[in-house]
*Asks:* 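Here it is: the structure, laid out below.
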Protein chains: 2
Amino acid sequence: MTAAANHHGRRTTTRTRRLERAGIRDVAAAAGVSITTVSDALNGKGRLPDETRTKVREVAERLGYRPSAAARTLRTGRSGLIGLTVTTYGQEPFTFTEFAYFAEMARAATSAALNRGYALVVLPASSRHDVWSNVALDGTVVIDPSDHDPMVADLYRQGLPVVSDGKPGNCPVTAWVDNDHHAAVLGILDHLAQAGARRIGLLTGTSTDTYTRLSTEAYLGWCRSVGQEPLYEAYPAHDPCAGAVAADRLLARPDRPDAVYGLFDPNGTDLLAAARRYHLRVPDDLLLVCCSESDVYAATEPPITTLSLKPRRIGTTVVNLLIDAIEGHTSENPSPTDETATDRRVSGQLMPTELIVRRSSQRRPPRTTVSAPRPPGEE
Amino acid sequence: MTAAANHHGRRTTTRTRRLERAGIRDVAAAAGVSITTVSDALNGKGRLPDETRTKVREVAERLGYRPSAAARTLRTGRSGLIGLTVTTYGQEPFTFTEFAYFAEMARAATSAALNRGYALVVLPASSRHDVWSNVALDGTVVIDPSDHDPMVADLYRQGLPVVSDGKPGNCPVTAWVDNDHHAAVLGILDHLAQAGARRIGLLTGTSTDTYTRLSTEAYLGWCRSVGQEPLYEAYPAHDPCAGAVAADRLLARPDRPDAVYGLFDPNGTDLLAAARRYHLRVPDDLLLVCCSESDVYAATEPPITTLSLKPRRIGTTVVNLLIDAIEGHTSENPSPTDETATDRRVSGQLMPTELIVRRSSQRRPPRTTVSAPRPPGEE
DNA sequence: TGTTCATGGAGAAACGTATCTCCGACGTCT
DNA sequence: AGACGTCGGAGATACGTTTCTCCATGAACA
């Protein structure tokens, strides 16, 4: 009561602010209890009889009391906010949701975070530094960090848990989740080979992220193992026009492939357009697969076989790992600067992909009816 | 210096925490200046010689000092965070990015916020209340608030700026942005009529949001003005299956329409499928338009004419309005409880839409060749 | 009748920053 | 030589919580 009176006195004498948002002190005063009691009652802590609890809650409700998130964060050191960092390519403004993968992944991540009482804020790695330092994060999800990503290193140095989607190249993270890109690519190549492909080409990227690197390596390894000469074109994945050009180049080669796997979402339509230019029929003359989450490929002519990375599952897993880390050992953090700690074993997790087989990668009678017209109205 | 020594003394005596993150006090101590000076130097305020400024900055950098966002927020009352609220329908988990409109709008909003130094956090209206009150928001963007939306009222009561995407039915907002739905619908109906439609049907929703309401009203008004009997089916827009059923019902009616406009994104494919079931050719027997941001409709057979609401422009505008409100009169807020204030004029803004005309709404020779087969290989 | 325990709750110290107030010192002008 | 303006900076307070510590009260117990 004294505290309350004190508070009220201070308020009225020093300033004459209109319409202050009710604080915990006001609730305490109105309920005739101490601040401690209000806090305990509202947060379900302490030992209080139910009547006190309900009374305080009622008063708080009546005053429209909303606890200050900032004060709580300052006091507890936890904001309930986690960041989702998407590494932007080059100077592109903001490629989030550009690819369906990001959109799906972000949605799942947001959802998973909310389920556990956290909110998620999307922060492109390239955004102004003041934005970054202005938001109190409990941890961060990083999508596809590049090798030696300075941002990840910085976050980690601050003692924040960092979980990455995509096996981290050479930066310290708390945990990571990734698809089994190696197995996925091998599966696709085998699938194409089984459909009759003899010379499988690859449309890949020039950047150093894990996805591109692992996939390309898997392709090269496969080529070695089956004795095929590699046929690939690499282009900067962030540039949509470059993709179309690269697709064209790939099909223009004298040693033209009879099947192509494209690593990026738009490759399917690009390759289809290029095939049309060269009068190649899909799947008769050219088998096509691309990695995409978009359902447009179910409606193209012909429908294109796609590899889904299951971004929802990834997003959910990543967020749950992050929150586990946040809540698990927030005080027992193995002191990032303590380089001697052997506790550095990073837990990684591989998740399966799904190959959605459509017409573009199937020749019905394997080799004979290459140019046989399909019966109309088949669909 | 005294303060610094004092601080340091307190630190070492009271607790022995390992690895404290450097605070402003540590920087002050290391630089041999006061806290005030550090704060001023880092924030570019106060009157300080450049040498002091640079020295302090250097020390801060060396110590890896990161100002506590929570403390700053508590002190200044500004978090640099704005919320993006998507009203979820029913008990659906989280329909964000379900429709391309939301995805595009959210992306643009995030981008616009970042450009002005704010971060954006997506919060479904239905999420746990504790999440809501746990994040310090400077303001909120609300997508399509329902009539008397309690959440909006609550936010507004707290004195937070609220800007809505979609003209608010009956809840107080700081500003709003919307498409000119009336004009858009009229434009579509005229377009269809000009293409030869005599009986235009509507696929609409059962919810009370502005978009649905205004669009339906525009349709009904148009019907009255041209003397056509309204032909529409309404269904709960959040249920994907219900959309297919409603589309089917609409085409099953004895007074079957010869053109349909669907208000929601999936209506195009639903209507196309229904038309196929009834052996109606599009556009010969049935003209089709639907509202969608998805580019799948460029690749359907036939391609479907769509109305784009230009979500990017909306998202950008909404966020800029919100930030203007936040920065404009943060202290001169016209006291929400002061109901007598005549300052309640809410600034609204209508933005244009774009009709992307494709084959589904065009009959080449207007009325005569209703059933003439198209030449093959036209595309 | 003293001792112990559980109950219910109050006081006060942080959390780390921004900022308001004020103070000394050093020209400069009259 | 005193009044005064400016520069550079120090002190202290408040932002609104959470939480640690501790105290009063009454009941149970020997």
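Below, each value reflects all heavy atoms present in this structure, side chains not excepted, and no hydrogens, waters or symmetry copies. Every chain is numbered from 1 and lettered A, B, ... according to where its sequence line falls, protein lines coming before strand lines. Not measured: the values here are computed from a predicted model.
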*Asks:* Counting only side-chain nitrogens and oxygens, does Ser34(A) get under 4.0 Å of the OP1 or OP2 atom of dA10(C)?
*Replies:* yes
*Asks:* Counting heavy atoms from C-beta on, name the nucleotide in dC15(D), dG9(C), dG8(D) closest to the side chain of Leu48(A).
*Replies:* dG9(C)
*Asks:* Considering every strand and a 4.0 Å limit on heavy-atom distances, what is the contact class for Arg47(A): base, sugar-phosphate, or nothing?
*Replies:* base
*Asks:* Mind checking Thr36(B) for me? I need base, sugar-phosphate or nothing, with any heavy atom below 4.0 Å counting as a touch.
*Replies:* base
*Asks:* At 4.0 Å (heavy atoms only), tell me whether Leu74(A) reaches a base, stays on the sugar-phosphate, or touches nothing.
*Replies:* base
*Asks:* Please report the distance, rounded to the nearest Å, between CZ in Arg25(B) and P in dA12(D).
*Replies:* 14 Å
*Asks:* Atom CG of Asp50(B) and atom C1' of dC7(D): how far apart are they, to the nearest Å?
*Replies:* 14 Å
*Asks:* Both Arg72(A) and Thr37(B) contact DNA chain D. Which one's nearest nucleotide lies toward the 5' end?
*Replies:* Thr37(B)
*Asks:* Let me know, please, whether Lys45(B) or Ala70(B) comes out on the 5' side of the other along DNA chain C by nearest nucleotide.
*Replies:* Ala70(B)
*Asks:* Give a yes or no on whether the backbone of Asn134(B) and the side-chain of Arg72(A) come within a donor-acceptor separation of less than 3.5 Å.
*Replies:* no
*Asks:* Heavy atoms only, 4.0 Å cut-off, all strands: where does Ser39(B) land among base, sugar-phosphate and nothing?
*Replies:* base
*Asks:* Rounded off to whole Å, could you give me the CD-to-P distance for the Glu51(B) and dG8(D) pair?
*Replies:* 9 Å
*Asks:* Among dG9(D), dT17(D), dA10(D), which nucleotide sits nearest the side chain of Pro67(A)?
*Replies:* dT17(D)
*Asks:* In whole angstrom, what separates Asp40(A)'s CG from dT7(C)'s C1'?
*Replies:* 13 Å
*Asks:* Work out which heavy atom in Trp132(A) is nearest to a heavy atom in Leu123(A); give both atom names and the distance.
*Replies:* CZ2-CB, 3.8 Å
*Asks:* Write down the distance between CZ (Arg21(B)) and P (dG16(C)), rounded to a whole number of angstrom.
*Replies:* 9 Å
*Asks:* Once you round it to whole Å, what is the distance between P of dT19(D) and CG of Leu42(A)?
*Replies:* 13 Å
*Asks:* Between Ile24(A) (CD1) and dT19(D) (P), how many Å, whole number?
*Replies:* 11 Å
*Asks:* Between Ser79(B) (side chain) and Ala136(B) (backbone), is there a donor-acceptor pair under 3.5 Å?
*Replies:* yes
*Asks:* Looking at Thr76(A), I'd like to know whether one of its side-chain N or O atoms comes within less than 4.0 Å of OP1 or OP2 on dT19(D).
*Replies:* no
*Asks:* Take atom CD1 of Ile35(A) and atom C1' of dA12(C), then tell me their distance rounded to the nearest Å.
*Replies:* 10 Å
*Asks:* Categorize Thr73(A) for me: base, sugar-phosphate, or nothing, with a 4.0 angstrom heavy-atom threshold over every strand shown.
*Replies:* nothing
*Asks:* Students often get this wrong, so: under 4.0 angstrom with heavy atoms, is Arg66(A) touching a base, only sugar-phosphate, or nothing?
*Replies:* sugar-phosphate
*Asks:* When you check the side-chain N and O atoms of Thr37(B) and Ser34(B), is any donor under 3.5 Å from an acceptor?
*Replies:* yes
*Asks:* Among Leu321(B), Ile323(B), Thr317(B), which residue satisfies the side-chain contact (heavy atoms from CB on, under 4.5 Å) criterion with Val319(B)?
*Replies:* Ile323(B)
